[in-house]
Amino acid sequence: MAKIIVVTSGKGGVGKTTTSASIGTGLALRGYKTVIIDFDVGLRNLDLIMGCERRVVYDFVNVIQEDATLAQALIKDKRLENLYVLAASQTRDKDALTTEGVERVISELASNFDFVICDSPAGIEKGAHLAMYFADEAIVVTNPEVSSVRDSDRMLGLLASKSRRAELGLEPIKERLLLTRYSPDRVEKGEMLGVEDVEEILSIRLLGVIPESKSVLKASNQGIPVILDDESDAGQAYSDAVDRLLGKDVEHRFLDVKKHGFLQRIFGGRE
Amino acid sequence: MTQAEQNPVFQLRGSMLAVTVLELEHNDLERLDWQLAAKVERAPQFFSNTPLVLALDRLPPESSELNLAALMQLCRKHGLCPLGLRATHPAHLEAAYRLNLPILPGMGAQPKTRPLPPSDESSAPKPAPPLEPVYKPARIINQPIRGGQQVYTQGDLIVLAPVSPGAELLADGNIHVYAPLRGRALAGIKGNTSAQIFCKQLAAEMLSIAGCYKVAEDLRRHPLWGEATQISLEGDTLNLRPL
């Protein structure tokens with residue numbers, strides 16, 4: 001049975017889709033059969049970030065409404081053997097998703113894959129609720145600023161109370177924090193919340209810190225998940241996060257400003 | 001008489017109930033109307049069919065012409081259900097009798113200056129022995145309480161994890177938070193003025209005891225902001241003390 005992981009945040013624009021694409025790609029790189037589902041019905045971004053937008057024929061809603069089979073709708077990644085994408089529909093809205101339909105698709109995927117990554121839409125409404133409802137684990141993507149932290153906190157409350165695991169009284173969803181767009185020099189100047197501040201407010205385990213990086217935007221525009229860019233600090237940070245997700249103990253990088261200058265950190269690599 | 005006929009069909013049991021008391025200080029129903037409306041707006045969930053005792057024993061003696069029927073109607077309009085009356089004035093007692101409204105004995109919270117009822121009256125029935133108070137166990141929460149979540153308990157509330165901004169704790173009794181308190185904490189919401197709030201790190205958005213409150217804007221200037229604090233009600237102001 002696959003592990004079902006939701007990538008969620010509450011707030012929009014914090015890097016959920018970038019994270020879904022990179023974590024999914026990272027798991028596939030390590031040999032796990034992985035599928036990423038775009039739950040953002042009506043907007044559809046994941047296929048662009050994954051660079052498969054020209055090969056979308058059938059989408060998630062088609063499968064839910066049984067207009068197409070999963071085999072027809074799954075898009076195989078060109079770069080990696082065991083990576084698949086299930087795209088969102090652009091012509092429908094989130095009301096096209098039903099709990100029964102999502103459950104059927106996820107359980108079918110769960111029996112064929114090692115990991116099912118659910119890329120949640122922003123907000124706390126139907127789309128976001130269904131994306132997290134069947135999850136075993138959650139990656140809560142947060143930017144180091146107050147409104148993002150507040151929305152993540154709200155989402156953590158929903159994960160603990162409105163998910164299938166919560167409703168059935170099973171072991172709760174394993175929650176992990178992924179801090180994105182982090183820039184240590186701005187933390188030092190007091191313009192941005194530090195890792196410790198966010199960890200303290202949200203009180204959940206830290207999966208990783210992704211530094212603010214130009215390589216993320218470049219990778220998105222090219223349709224290549226940033227984790228495939230070995231040169232970039234963001235790519236390396238995502239790689240570490242995937243290892244931690246798989247249970248490895250990896251030290252956090254790209255946090256330090258005291259010993260290194262900003263440029264040194266970018267070009268000098270690890271401590 | 002057969003055995004079956006002797007089997008009791010009922011039992012009389014005493015029970016202690018916590019009930020809200022509306023103590024009327026002035027005979028001004030118009031002012032009461034809009035002041036009640038304002039209260040209801042702040043906490044609508046606690047004003048839906050809430051049982052209530054009307055206390056008229058604090059009214060000045062010259063307000064004997066109080067329209068009890070209108071007062072009852074006003075209460076019901078705001079979602080309060082009067083169960084009975086606490087009154088001493090003969091005019092009030094007579095009005096209650098006409099409306100079939102039970103008269104309840106004065107509460108322990110009455111000012112001590114009030115004369116005790118004469119105990120040497122031979123005709124007065126012997127008072128029932130005092131009943132054991134109903135024990136309400138505290139509610140204990142180990143998980144963080146996140147923004148948007150609301151927790152209510154009738155007794156004491158004990159939280160062993162952080163309370164996030166935007167979360168709301170409500171208790172009829174005391175509130176203890178053995179972690180940072182960043183949300184709202186409302187103790188003694190049914191009017192218990194002796195309720196208190198205890199927290200390990202004061203960072204609350206709002207603190208309230210029996211309806212008297214302070215918001216973060218006032219609290220954050222206090223030297224105990226961020227510290228372990230005990231909050232109690234003295235008169236009608238919240239008093240903060242280091243723990």
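Not measured: the values here are computed from a predicted model. In what follows, chains carry the letters A, B, and so on, assigned in the order in which the sequence lines appear, proteins first and then strands, with residues in each chain numbered from 1.
Crowding of A:E171 atom CD: a count of heavy atoms from other residues, nucleotides or ligands under 6.0 Å not exceeding 12. Within a 6.0 Å sphere centred on CD of B:E168, other residues, nucleotides and ligands contribute more than 12 heavy atoms. Within 6.0 Å of CD in B:Q73 there are 12 or fewer heavy atoms belonging to other residues, nucleotides or ligands. Annotation for A:E167: atom CD counts as buried by contact number, over 12 foreign heavy atoms lying within 6.0 Å.
Residues B:P180 and A:E200 come closest through the heavy atom pair CG-OE2, 4.5 Å.
Among B:R146, B:R182, B:Q149, the single residue meeting the side-chain hydrogen bond (donor to acceptor under 3.5 Å, both in side chains) criterion with A:D153 is B:R146.
With a threshold of 4.5 angstrom between heavy atoms, A:R150 approaches chain B through side-chain atoms but not through N, CA, C or O.
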